[in-house]
Amino acid sequence: MYEHRDTRCIHGDLERPAFEATRAVSFPIYQTATFGHIGFGKSSGFDYTRETNPTRGKLEETMSSLEGAVDTCAFSSGMAAVSACFELLSPGQHIVCSEDLYGGVIRLFDKVSIKNGLSVDYVDTGSRDAIEAAITQDTAALYIETPSNPMMNVADLRACHEIAEEHGLLLIVDNTFLSPYLQNPIELGADLVIHSGSKFIAGHNDTISGFVSSGTPELAERIRLIHKTTGAALSPFDSWHVLRGIKTLGIRMERQESNAQELARWLSTQPGVAQVFYVGLEDHPGYAVNASQARGAGAMISFRTDTVEIAHRVLERVKLITFAESLGGTESLITYPMVQTHPDVPEAVREHLGITDTLLRLSVGLENVDDLKSDLSQALSS
Ligand SMILES: Cc1ncc(COP(=O)(O)O)c(C=O)c1O
């Protein structure tokens, strides 16, 4: 295993080389549904692409090497990855979950998982007391986003691990916002790590994908079974796309984070901006915990404008930055969480969390930071 993450982004784990007979430098796209058998009872190791495929295998091995996982399964979306984790649970079981998290996961819990007999309590997972108070005898999992979407709340992953261990819970962490380049929850005690690969990992706003990385061989086996059986495996072509994206993950994360650091400080001084939420600002309540468990603060910023009119003006006027859902790509995107990513969250809950009509979320891309400032400046000005 190469010591440095940026090398692993490009080569994966060369101690577990993926099968590639020709040694092509760009791993080939094995665009095939099925594989011929060498003879009776003899297989090349590949039978049918829903189950295994060399291109997807190379991607999965690369992700495992970056996350420090026993195994990783690549899914057709982040939501398919989240759903696969819930397949581990049985009717009657209960999940304690971060109250601030991607709205699609809340929709999955409230509209699908409940029907399947699971129940969920949403709590401030930045508070150990709040997590412990929500645990019941049926609780089977603790589900964390850190930093969270969109409020950038930070949970202490070491504390979460201690609680999970004490109560026999599965600790599942959505690591989408920081990517494996900046944070590795398995090293801090997580059992499963989820990614929407559609974000920083693929990195170019062009491919939907998801990952589940397992911390133990037992979980790896169970997730593999769910992956091949429920069938939401990532296609060979999209696997190749994501592999290509990962090659530049390190350099992208570093530059996007330095852009975000500068923009967050600058935004804090701008007229019309009431509050900035970025875990890289020293006055963010989660700054110290994030710094103790991650190698950076990432490139996601939320900010509150003084009035709803200013929020709408920014969305309508931005030119370089695109008013769009999603995050993590080379192009900067600005999102209106209340309407775009969290409409299914009940209004009272949104109010409680601070997801109001003045909250905007900015995914900082790779553009020159001065151009980003100019764009926001003209959009904010009255
Ligand atoms: C933190 C987080 N997790 C999971 C997802 C779901 O991923 P996907 O859109 O790839 O299904 C998203 C999507 O925005 C997300 O932001």
Side-chain angles (χ1 to χ4, degrees), residues 59 63 67 72-86 95 97-113 120 122 125 143-155 157 172-180 182-183 185 190 192-213 227 230 232-235 238-239 241-242 245-246 256 277 279 290 294 298-302 322-329 331 333-345 353 355 359-364:
L59 170 64
M63 278 298 291
E67 269 303 1
T72 298
C73 290
F75 288 85
S76 55
S77 70
M79 287 312 300
V82 177
S83 304
C85 291
F86 295 155
I95 304 158
C97 183
S98 300
E99 59 184 357
D100 182 51
L101 82 164
Y102 171 55
V105 176
I106 300 176
R107 188 168 63 231
L108 177 72
F109 278 139
D110 292 352
K111 304 258 161 77
V112 180
S113 306
V120 185
Y122 301 101
T125 46
Y143 186 96
I144 306 284
E145 257 186 37
T146 182
S148 66
N149 183 0
M151 299 309 300
M152 312 297 159
N153 296 330
V154 174
L157 290 175
I172 307 172
V173 179
D174 184 328
N175 200 24
T176 299
F177 267 30
L178 289 185
S179 91
L182 294 181
Q183 181 166 267
L192 294 168
V193 172
I194 292 171
H195 282 281
S196 167
S198 327
K199 317 301 183 195
F200 290 100
I201 291 172
H204 293 73
N205 290 319
D206 59 8
T207 310
I208 300 292
S209 60
F211 297 95
V212 179
S213 295
H227 182 244
T230 58
L234 194 63
S235 74
D238 283 345
S239 296
H241 242 191
V242 180
I246 291 184
Q256 284 175 249
F277 306 86
V279 296
N290 186 71
M300 296 302 299
I301 302 171
S302 288
T322 306
F323 171 22
E325 265 179 59
S326 204
L327 60 107
E331 300 83 4
L333 305 180
I334 194 158
T335 304
Y336 203 25
M338 185 185 90
V339 173
Q340 290 178 293
T341 52
H342 289 67
D344 290 321
V345 177
L353 295 173
I355 307 172
L359 186 81
L360 300 175
R361 192 192 72 189
L362 184 62
S363 170
V364 182

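First listed ligand is number 1; within each ligand, the first listed atom is number 1. Only heavy atoms go into these numbers, but all of them, side chains included; no hydrogens, no water, no symmetry mates. This is a predicted model, so every value here is computed, not measured.
- Contact atoms of ligand 1 toward E145: 1 (C) (distance under 4.0 Å to a heavy atom of the residue).
- Here's the thing with N149: one of its N/O atoms is less than 3.5 angstrom from an N/O atom of ligand 1.
- The heavy-atom pair separating S98 from Y122 by the smallest distance is O-CD2, 3.8 Å.
- Contact record, L178 with L182: O-CB, 3.3 Å, taken as the closest heavy-atom pair.
- Scanning both residues, R361 and S326, for their nearest heavy atoms gives NH2-O, 3.2 Å.
- Within the model, atoms CG of L353 and CD of E99 stand 5.0 Å from one another, a figure rounded to the nearest 0.5 Å.
- Under a 4.0 angstrom heavy-atom cut-off, K199 registers as being in contact with ligand 1.
- Looking at heavy atoms from C-beta onward, D110 lies out of side-chain contact with V345 at the 4.5 angstrom threshold.
- Near D174, the atoms of ligand 1 lying under 4.0 angstrom from a non-hydrogen atom of the residue are 1 (C), 2 (C), 3 (N), 4 (C).
- Taking every non-hydrogen atom of T176 and a distance limit under 4.0 Å, the qualifying atoms of ligand 1 come out as 1 (C), 2 (C), 3 (N).
- Neither the backbone nor the side chain of E325 comes within 4.0 Å of ligand 1, counting heavy atoms alone.
- Counting only N and O atoms by type, the side chains of T207 and S209 include no donor and acceptor under 3.5 Å apart.
- The protein atom (non-hydrogen) at minimum distance from atom 10 (O) of ligand 1 is S198 OG, 2.6 Å.
- At least one heavy atom of S209 lies less than 4.0 angstrom from ligand 1.
- Residue G78 has at least one N or O atom closer than 3.5 Å to an N or O atom of ligand 1.
- Between L359 and Y336 the shortest heavy-atom distance is O-CD1, 3.5 Å.
- For atom 6 (C) of ligand 1, the closest non-hydrogen atom of the protein is Y102 CE2, 3.5 Å.
- Aromatic ring centroids of F86 and F109 lie under 6.0 Å apart.
- Interface of M79 with ligand 1, defined as ligand atoms under 4.0 Å from a residue heavy atom, comprises 6 (C), 7 (O), 8 (P), 11 (O).
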